[in-house]
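Structure first, then comments.
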Amino acid sequence: MSLEALPSLREALEAHGLWAKKAFGQHFLLDLNVTRKIARLAEVGEGDHVIEVGPGPGGLTRALLETGAKVTAVEKDERFRPLLQEVADAAPNLTLMFGDALKADEAQIAAGRPAHLVSNLPYNVGTPLLIKWLTGPWTPASLTLMFQREVADRITEGPGGAAYGRLGVIVQATCAARRVLDAPARAFTPPPKVDSAVVRLEPRADRPAPERLEALQRITAAAFGQRRKMLRSSLKPMGGEELIAAAGLDPTARAEVISVDGFLALADAWLAGRSASQDPYPMPLSGVKD
Ligand code: SAM
């Protein structure tokens with residue numbers, strides 16, 4: 001059977017007795033026009049390798065396969081195995097993997113070649129997956145990802161914007177980030193409570209080294225942990241006024257107006273101060289939530 005001869009996504013779901021499970025963050029895109037649009041925005045084609053997280057019923061997977069790209073799809077929900085196997089039988093360029101994408105070894109999947117990430121992400125693990133892909137040891141060639149609109153805003157907004165925060169600083173320090181498509185809640189089955197948007201991320205050639213990224217995570221955790229306070233107060237445990245002066249910033253400014261370059265300067269000043277004093281400021285690394 002070929003891809004075109006497959007039953008519609010609704011028919012396939014019905015034939016396999018499948019329905020969306022909230023615990024897996026399942027909201028499906030069943031309109032192939034929408035999934036084809038996302039595949040076009042991903043700018044992938046013949047010869048490219050795509051890693052798709054959460055294929056579910058396979059709507060986005062089908063659109064990606066149509067481009068001629070080689071797709072490796074990682075799905076946590078075992079219920080989808082027979083349905084997805086039918087897609088794999090119709091498309092030799094699809095490889096299926098079942099398990100938790102948070103634990104997946106993308107470097108091993110990519111096998112030394114560039115790979116693009118494309119996903120309509122499950123809401124409950126979208127942000128931890130993004131942080132893993134941007135700060136982990138493996139770097140994707142590009143990322144085209146559907147998020148809740150509010151998360152997409154946090155990823156793409158710059159200083160001064162209401163949604164600007166820790167997530168945006170880390171994403172924008174590592175990637176060029178653009179919101180490329182808005183998707184209303186009604187585009188999904190079942191519709192979620194909120195609208196969504198697709199974000200396109202292109203990793204920067206001058207991506208900060210791991211040590212610098214870790215320092216950036218610590219600085220942004222302290223600065224945005226108390227976002228209403230002036231930097232001299234929120235960054236006191238990390239060096240306060242001295243650190244801020246070394247970064248060339250105003251100690252009375254608040255985190256929300258500091259640019260990504262400003263935060264990188266703070267991270268550099270903190271690293272320089274730490275190596276000078278040999279004192280590893282003992283601040284625990286916490287998860288990026290805002
Ligand atoms: N790609 C499909 C679409 O666009 O219709 C489904 C998208 S749905 C929002 C998210 C998908 O991710 C579901 O299939 C869900 O089972 C899967 N998923 C949830 N958590 C996952 C995880 N930790 N690892 C891999 N897949 C996961």
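Atoms within a ligand are numbered from 1 in the order they appear, just like the ligands themselves.
By the criterion of a heavy-atom distance under 4.0 Å, neither the backbone nor the side chain of S119 is placed next to ligand 1. With a heavy-atom cut-off of 4.0 Å, K21 does not touch ligand 1 at all. Counting heavy atoms under 4.0 Å from ligand 1, residue T61 does not touch it at all.
The distance from ligand 1 to the heavy atoms of G99 drops below 4.0 Å at these ligand atoms: 24 (N), 25 (C). Using a 4.0 Å cut-off to heavy atoms of G56, the atoms of ligand 1 that qualify are 14 (O). Atoms of ligand 1 lying under 4.0 Å from any heavy atom of G25, numbered from 1 in the order shown and given with element: 8 (S), 9 (C), 10 (C). Shown in contact with A101 at under 4.0 Å from a heavy atom are these atoms of ligand 1, numbered in order with element: 22 (C), 23 (N), 24 (N), 25 (C). Each of the following atoms of ligand 1 lies closer than 4.0 Å to a heavy atom of V74: 25 (C), 26 (N). Within ligand 1, the atoms closer than 4.0 Å to a non-hydrogen atom of D100 are 22 (C), 23 (N), 24 (N), numbered from 1 in the order shown.
Regarding atom 26 (N) of ligand 1, its nearest protein heavy-atom neighbour is K76 N, 3.3 Å. Among all protein heavy atoms, the one lying closest to atom 17 (C) of ligand 1 is E75 OE2, 3.4 Å. Residue, atom and distance of the protein heavy atom nearest to atom 13 (C) of ligand 1 are Q26 CG, 3.6 Å.
Taking distance alone, with nitrogen or oxygen atoms compared against 3.5 Å, P57 stays at or beyond that limit from ligand 1. Not one N or O of H27 is nearer than 3.5 Å to an N or O of ligand 1, by distance alone. Between F28 and ligand 1, not a single N/O pair is under 3.5 Å apart. Remark: ligand 1 and P122 share no N or O pair separated by less than 3.5 Å (distance only, no angle test). Considering backbone and side-chain atoms alike, D77 places every N or O at 3.5 Å or more from each N or O of ligand 1.
Side-chain atoms of L231 and P251, non-hydrogen and from C-beta on, never get closer than 4.5 Å to each other. Using a 4.5 Å heavy-atom threshold, the side chains of L9 and R62 count as touching. The shortest distance between side-chain heavy atoms of V151 and L121 does not fall below 4.5 Å. At least one side-chain heavy atom of W133 sits under 4.5 Å from a side-chain heavy atom of V53.
Residues passing the salt bridge (Lys or Arg N to Asp or Glu O under 4.0 Å) test with E78 are R81, sequence neighbours excluded. By the side-chain hydrogen bond (donor to acceptor under 3.5 Å, both in side chains) test, R178 pairs with no residue at all, sequence neighbours left out.
Side-chain contact of R200 with T144: a donor-acceptor pair under 3.5 Å is present, judged by distance alone.
Within the 4.0 Å heavy-atom cutoff, E52 counts among the residues contacting ligand 1. For the pair G59 and ligand 1, no heavy-atom separation below 4.0 Å is found.
In this structure, F80 has its ring center closer than 6.0 angstrom to the ring center of F28. Ring to ring, F263 and F224 are close: their centroids are under 6.0 angstrom apart.
Side-chain N or O atoms of E75 include one that pairs as donor or acceptor with a backbone N or O of G56 at under 3.5 Å.
In terms of heavy-atom proximity, S142 sits nearest to P203 at CA-CD, 4.0 Å.
Between E150 and R154 a salt bridge is recorded (basic side-chain N to carboxylate O distance below 4.0 Å).
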